[in-house]
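Remarks on the structure that follows.
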Number of protein chains: 2
Amino acid sequence: MSQTWRMSATPPARLLAAAAVDLFYRQGATATTVREITQACGLTAGALYNHFSSKEELLYTVVRDMHLALEREVGRAQSAASGPVAELVAIVRVYVDQHARHRKSSRVANQEYTLLTPERRAEIVGIRRRLRDRLTGVLVAGREAGDFDLGGGDQGAATVVATAVLDMCVHVSAWFHEGGALSTAELQDRYVLLALRMAGAARAG
Amino acid sequence: MSQTWRMSATPPARLLAAAAVDLFYRQGATATTVREITQACGLTAGALYNHFSSKEELLYTVVRDMHLALEREVGRAQSAASGPVAELVAIVRVYVDQHARHRKSSRVANQEYTLLTPERRAEIVGIRRRLRDRLTGVLVAGREAGDFDLGGGDQGAATVVATAVLDMCVHVSAWFHEGGALSTAELQDRYVLLALRMAGAARAG
DNA sequence: TGCGTAGGTAAACAAGCGTTCATACAGTGG
DNA sequence: CCACTGTATGAACGCTTGTTTACCTACGCA
C-alpha cells in the first residue's frame with residue numbers, strides 16, 4: 001500500500017524491490033548480493049532478471065521512486081500553502097514525514113545514489129538540486145517580504161540555510177524509529193520550530 | 001602532516017590509509033578493492049597485509065582515527081570555553097572545521113562505519129553517542145541558566161536540538177569544497193548563527 | 001661479515017560475484 | 001487444443017574478490 005512504488009511495477013518486481021530496500025538499508029547496496037535479494041522472496045538468482053535488467057537498475061528504481069515521491073509530495077504541499085512562511089512549514093513537514101515513515105527507502109536513496117551509473121546519478125542529482133532550489137526560492141521570497149532574516153542579503157545566505165534545513169530533515173531517516181520517545185507528529189512540530197528559527201522567522205520563539 | 005593518523009602508524013601504512021580514504025570517498029568502501037588501494041601506492045595487493053590484518057581493519061583505522069580526532073578537538077575547544085553559550089559556539093566551530101577541512105575522511109567515517117565488525121561498530125557508535133551527549137549536556141545546562149530556549153523543558157527537547165545541530169554540521173562534509181563560494185571561516189560563522197538560533201539563544205538574531 | 005627484520009613480489013587459492021542460457025511449467029485468449 | 005506470454009529454474013560462465021604463501025631484497029647493527 002506504499003506509494004513508493006509506481007503503479008506500473010509488476011507484483012514480483014515490487015516484492016523484489018521491497019526486499020532490496022531492506023537489505024540495502026542494513027548492509028549497503030554493494031555488499032548486498034543478488035542471491036540474497038531473491039532468496040528473501042523465495043526465488044533463485046536468475047529470477048531477478050525477469051524484472052530488472054541488472055542489479056544497478058533495481059537500485060535505480062528504488063532510489064528514483066523515492067526521490068520522485070518526495071518531489072511530488074513537496075510540490076503538492078507547497079501548492080496548498082500560501083506565503084513563504086507557510087510554504088517553509090509545509091516543506092519541512094513533508095520532509096520529516098517522508099523520512100520518518102519511509103525511513104529505510106529514504107536512507108537507501110540518500111546514501112546509495114552515488115553508486116549509480118553517471119547518467120542515472122545525474123538524473124537523481126538533478127532532482128535533489130531542484131528540491132533544494134525550491135526551498136532556497138521560498139527563503140528568498142520570504143526575506144523580500146520581510147518574513148525571514150537569513151543572516152545576510154545574498155543568494156549564498158539563502159542557499160546555506162536551505163542546505164542546513166534539508167540536511168537536518170534528511171538525517172531523520174538515520175536515527176528515527178517508530179516506538180521511540182518521539183512520535184512522527186511531535187518530530188514534525190519540533191523540526192518546524194527549528195526551521196523557522198533558522199530562517200529567522202519573526203513569529204518563531 | 002595531518003593529525004588524522006596516529007603517531008604510531010608506520011609511513012607505508014599512512015600512505016595506504018590515505019589512498020584508501022580517497023577511494024572509499026569516491027566509491028564507497030565495499031566497492032573499493034584491495035588491489036586498487038595498493039596500486040594507488042605503487043604496490044601489489046599482498047603488501048597491504050604487512051600493515052593491516054584485513055581490509056576491514058584498514059577501514060576501522062581510518063574511521064576510528066577520525067572519530068578520535070573529532071572527540072579530542074571538541075574536548076579541547078569545550079574546555080577552553082566558559083559557559084554554555086560559548087561551549088555551543090566552540091563545538092559547532094570545531095565540527096564545521098573538521099568536516100570542511102578533512103572532508104573526505106569525515107565523509108568516509110560517517111558513511112561507512114556501519115560496515116565494521118559488530119564490536120568495532122559498537123566502539124564507534126559509543127564515541128558518536130558520547131559526542132552527542134556532550135552537546136545535549138551543554139544545551140540542558142544553558143537552559144537551566146536561562147541562556148537557551150529549546151522549545152520544551154524535557155530531556156527529549158535537548159536531544160532533538162543536539163541531533164539536528166550535529167546532523168547539519170556533519171553533512172558539511174557531503175557538499176563543501178574549498179574554492180567554492182564560501183570559505184571555511186564564513187561557513188563556521190553562518191553555522192554558529194544557525195545553531196544559536198536553533199537553541200533559542202537570547203543573543204541570536 | 002653476517003644476521004635479523006621490515007617490507008616487498010608473484011602466484012596461487014577458494015569463494016563468491018553478476019549475469020546468461022536452455023529449459024520447464026502454468027495460465028490465458030483464440 | 002494450441003500457442004503465446006510470463007515467470008522460475010538450475011547449471012554454467014568468466015571474472016573478481018580478500019587473503020595466503022613462498023620467496024626475494026635491502027638496510028641497520030653486533
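Convention: sequence-line order gives letters A, B, ...; per-chain numbering from 1.
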Check your understanding: Got a sec, which pairs hit salt bridge (Lys or Arg N to Asp or Glu O under 4.0 Å) with one end in residues 47-59 of chain A, sequence neighbours left out?
Key -> A:E56-A:R120

Check your understanding: Does a side-chain N-to-carboxylate-O contact under 4.0 Å join B:R130 and B:E71?
Key -> yes

**Study point:** Atom CD of A:E36 with >12 non-hydrogen neighbours under 6.0 angstrom
**Key:** yes

Check your understanding: Contact class for A:T30 vs. all strands (heavy atom < 4.0 Å): base, sugar-phosphate, or nothing?
Key -> nothing

Point to revise | Spacing of A:Y95 atom OH and A:L166 atom CG [to the nearest 0.5 Å] | key: 4.5 Å

Point to revise | Where chain A begins and ends its contact with DNA chain C, read 5' to 3' at 4.0 Å from heavy atoms | key: C:dC17 to C:dT20

Review point. Is the backbone N or O of B:T159 less than 3.5 Å from a side-chain atom of B:R132, with the two atoms forming a donor-acceptor pair by type?
Key: no

Study note, to complete from the structure: Residue pairs passing the side-chain hydrogen bond (donor to acceptor under 3.5 Å, both in side chains) test with at least one member in residues 82-93 of chain B, sequence neighbours excluded, are B:Q78-B:E87, B:R93-B:D189

Check your understanding: Pick the nucleotide of DNA chain C nearest each of A:G46 and A:T33; which residue has the one closer to the 5' end?
Key -> A:T33

Side-chain donor-acceptor pairs of residues 170-179 of chain A under 3.5 Å, sequence neighbours excluded:
from   : atom 1 : to     : atom 2 : distance (Å)
A:H171 : ND1    : B:H171 : ND1    : 3.3
A:S173 : OG     : A:V170 : O      : 2.9
A:W175 : NE1    : A:H171 : O      : 3.4

Point to revise | Salt-bridge contact A:R76-A:D97 (side-chain N to carboxylate O under 4.0 Å) | key: no

**Study point:** Span of DNA chain D in contact with chain B (heavy atoms, under 4.0 Å)
**Key:** D:dT17 to D:dT20

Review point. What's the shortest heavy-atom distance between B:L116 and B:R121, and which atoms?
Key: O-NH1, 3.2 Å

Practice item. Show your reasoning for whether side chain to side chain donor-acceptor pair (under 3.5 Å) applies to A:R35 and A:Q39. Key: CA-CA 6 Å; A:R35 284 167 178 84; A:Q39 201 168 336; over 6 Å; no

Check your understanding: Contacts to DNA chain C from residues 35-45 of chain B, heavy-atom cutoff under 4.0 Å, which residues?
Key -> B:R35, B:G42, B:L43, B:T44

